[in-house]
Amino acid sequence: MERRAHAMLFPFPCSGHINPTLKLAELLHSRGVYVTFVNTEHNHERLLRTAGGLRGREGFRFESVPDGLSEEDRRSPDHTVKLYLSLRRSCGAPLAALARGLIGEREGVPPVTCVVLSGLVSFALDAAEEAGVPAFVLWGTSACGFVCTLRLRQLRQRGYTPLKDESYLTNGYLDTPIDWIAGIPPVRLGDVSSFVRTLDPQCFALRVEEDEANSCARARGLILNTFEDLEPDVLDALRAEFPRVYTIGPLAAAMHSAQGHGHGAAGLSLWEEDAACVAWLDAQAPGSVLYVSFGSLAVLSLDQLEELAWGLAATGRPFLWAVRPGLVAGDRGADALPEDFLAATRGRCFIAEWCAQEQVLRHPAVGGFLTHSGWNSTTESILSGVPMVCWPGFADQYINSRYTCGDWGIGLRLDEALRREQVAAHVEELMGDTGRAREMRRNAARWKAAAEAATAPGGSSYESLRRLVEELRVGDADADAWTAGDP
Ligand code: UDP
């Protein structure tokens, strides 16, 4: 019997997971699905402060569960590890209770029919099982990033990682070709993932990543923020292992289609957005500005900050740099920028703590993006037709950057050891008027059109979302009758 689908969504509590999950929530809601979006209590409070108005829409409610962290844990340098462990300890039971309708406001709320989780919270699969509803995972990376994360287990078993000693980080070992990952062209070992760079046989992060990715096999379906034309080979290979893969990206574009249906955008941010940067962009020439941002998690050493700053200064071009609190080691932000750098770039540099990145990338003044190749940032740039200078440093950022600069032809890669001369040279090559720059701009325009086509009615992502909503509508009573098949 068909009833209103009710999706309970729970992302790992950081921007890179919350933002795409929130977009998926909006999309599902725009297609008639009842949504309960679950944050940690800590982030719920933060979101209320920065975004306001989280409550009060028909069929879209927010709930929260405790993350179990003390204030001291929150300030600790390894707070993400603490958060991961603490969530596993303290969130499963309240999530299961929410899914079973035992806590939270209930009036007029239909029963939860499925749980949608992001990566890194696989314990929510148990909560879904306990509540007797199917689970879907929105894995927030590229398809290539997901497949590479799955294969960390084989890399470990075949002895590629952990590394024998420190010298392996710099002696060319990371250039070892890896040509046996189905769907992925031959790549450098170092590009498969940041997690291969460990010397520790028990490396916590490596184990967590491979376990979390492999646990997705327990879910009813896998949802990816990518589109078919962007990663066709790897998606084919992935479907041999995961029968239900829903490619619904780029989420930012899919959101525009949903807004066409009269729904609001998921413009939530854990930091206050600086609106003045958009006014500053309005005053700049088309295509002249380099946007610089390393997402919500990256931390630069003071040396790296200086190399970047002076590299940007040397270009002579205008740039907008998002320097969030905590971007610089020692919990520092813009206060760590050298005074003489600020003086040297005055008038052509705008430092914001945090911006409305999608709006910034879509702004006609922006002609290039210096990025850490986080997947959200990469897809937002693809959707805006903006070519990139890539400086990956963590997780899937290396493989994203490999595709950006290789197969997709829309980027230039900086070396791991940041040098101001290379920063300046790459930015110049990206933003200038060379044949290569023009080619990257042409490719970027082509990928933008492909992303728009995928999310427009009838496009591959649009249809994939439609199929996903159909699956969510099937009640758990019918779950046993489901058969694996091409979604
Ligand atoms: N972002 C933003 N304003 C900023 C910097 C980043 O809104 O000043 C957003 C960006 O649009 C993206 C997210 O933060 O959606 C970062 O996600 P990504 O996957 O690129 O990197 P992560 O933060 O996970 O490393």
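Atoms within each ligand, like the ligands themselves, are counted from 1 in listed order. Throughout, numbering of the chain's residues begins at 1 and tracks the sequence.
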Q: Fit a plane to each ring of Phe146 and Phe242, take the angle between them on a 0 to 90° scale, and name the class: parallel (under 30°), tilted (30 to 60°) or perpendicular (over 60°).
A: perpendicular

Q | Residue Ser293 vicinity, atoms of ligand 1 by number, heavy atom under 4.0 Å | A | 5 (C)

Q. What atoms of ligand 1 come closer than 4.0 angstrom to any heavy atom of Gly295?
A. 23 (O)

Q. Does any N or O in the side chain of Ser30 come within less than 3.5 Å of the main-chain N or O of Leu27, such that one atom is a donor and the other an acceptor?
A. yes

Q.
At less than 4.0 angstrom from any non-hydrogen atom of Trp375, what atoms of ligand 1 do you find?
A. 19 (O)

Q.
For His372, state whether at least one heavy atom is located under 4.0 Å from any atom of ligand 1.
A. yes

Pairs under 3.5 angstrom only: tabulate donor-acceptor contacts from the side chains of residues 189-199 to other protein residues two or more places apart or in another chain.
residue: Asp191; atom: OD1; partner: Arg188; partner atom: NH1; Å: 2.8
residue: Asp191; atom: OD1; partner: Arg413; partner atom: NH2; Å: 2.8
residue: Ser193; atom: OG; partner: Phe195; partner atom: N; Å: 3.0
residue: Ser194; atom: OG; partner: Ala395; partner atom: N; Å: 2.6
residue: Arg197; atom: NH1; partner: Gly190; partner atom: O; Å: 2.9
residue: Arg197; atom: NH1; partner: Ser193; partner atom: O; Å: 3.1
residue: Arg197; atom: NH2; partner: Gly190; partner atom: O; Å: 3.0
residue: Arg197; atom: NH2; partner: Glu416; partner atom: OE2; Å: 2.9
residue: Thr198; atom: OG1; partner: Asp200; partner atom: N; Å: 3.0

Q) Out of Glu210, Glu209, Glu241, which one pairs with Arg151 under the salt bridge (charged side-chain N to carboxylate O under 4.0 Å, His left out) rule? A) Glu241

Q. By number and element, which atoms of ligand 1 are closer than 4.0 Å to a non-hydrogen atom of Ser377?
A. 18 (P), 20 (O)

Q: Any atoms of ligand 1 less than 4.0 Å from a non-hydrogen atom of Ala322? List them with their elements.
A: 8 (O)

(Q) At under 4.0 Å between heavy atoms, is it the side chain or the backbone of Tyr291 that contacts ligand 1, or both, or neither? (A) side chain

Q) Out of Leu327, Thr141, Asn376, whose heavy atom sits nearest atom 17 (O) of ligand 1? A) Asn376

Q: Considering the heavy atoms of Trp354, write down every atom of ligand 1 situated less than 4.0 Å from one of them.
A: 1 (N), 2 (C), 3 (N), 4 (C), 5 (C), 6 (C), 7 (O), 8 (O), 9 (C), 14 (O)

Q.
Quick check on contacts: which atoms of ligand 1 are under 4.0 angstrom from a heavy atom of Gly16?
A. 24 (O)

Q) For atom 10 (C) of ligand 1, which candidate among Gln357, Glu353, Gln397, Glu273 provides the closest heavy atom? A) Gln357

Q) How does Cys355 reach ligand 1, by side chain, by backbone, by both or by neither, if only non-hydrogen atoms under 4.0 Å count? A) both

Q.
Checking Arg207 now: which residues fulfil salt bridge (charged side-chain N to carboxylate O under 4.0 Å, His left out) with it, not counting sequence neighbours?
A. none

Q: For the pair Glu428 and Arg317, find out whether any cationic side-chain nitrogen is under 4.0 Å from an anionic carboxylate oxygen.
A: yes

Q) Testing Leu305, Thr345, Asp340 for side chain to side chain contact (heavy atoms under 4.5 Å, CB included) with Trp310, which one passes? A) Asp340

Q: Report yes or no: does Glu380 have a heavy atom closer than 4.0 Å to ligand 1?
A: yes

Q. Which atoms of ligand 1 sit under 4.0 Å from any heavy atom of Ser296?
A. 22 (P), 23 (O)

Q: Answer yes or no: is there a donor N or O on one side and an acceptor on the other, between the side chain of Glu212 and the main chain of Ser122, under 3.5 Å?
A: yes

Q. Is the Lys NZ or Arg CZ of Arg31 less than 6.0 Å from the centre of Tyr462's six-membered ring, within 45° of the axis?
A. yes

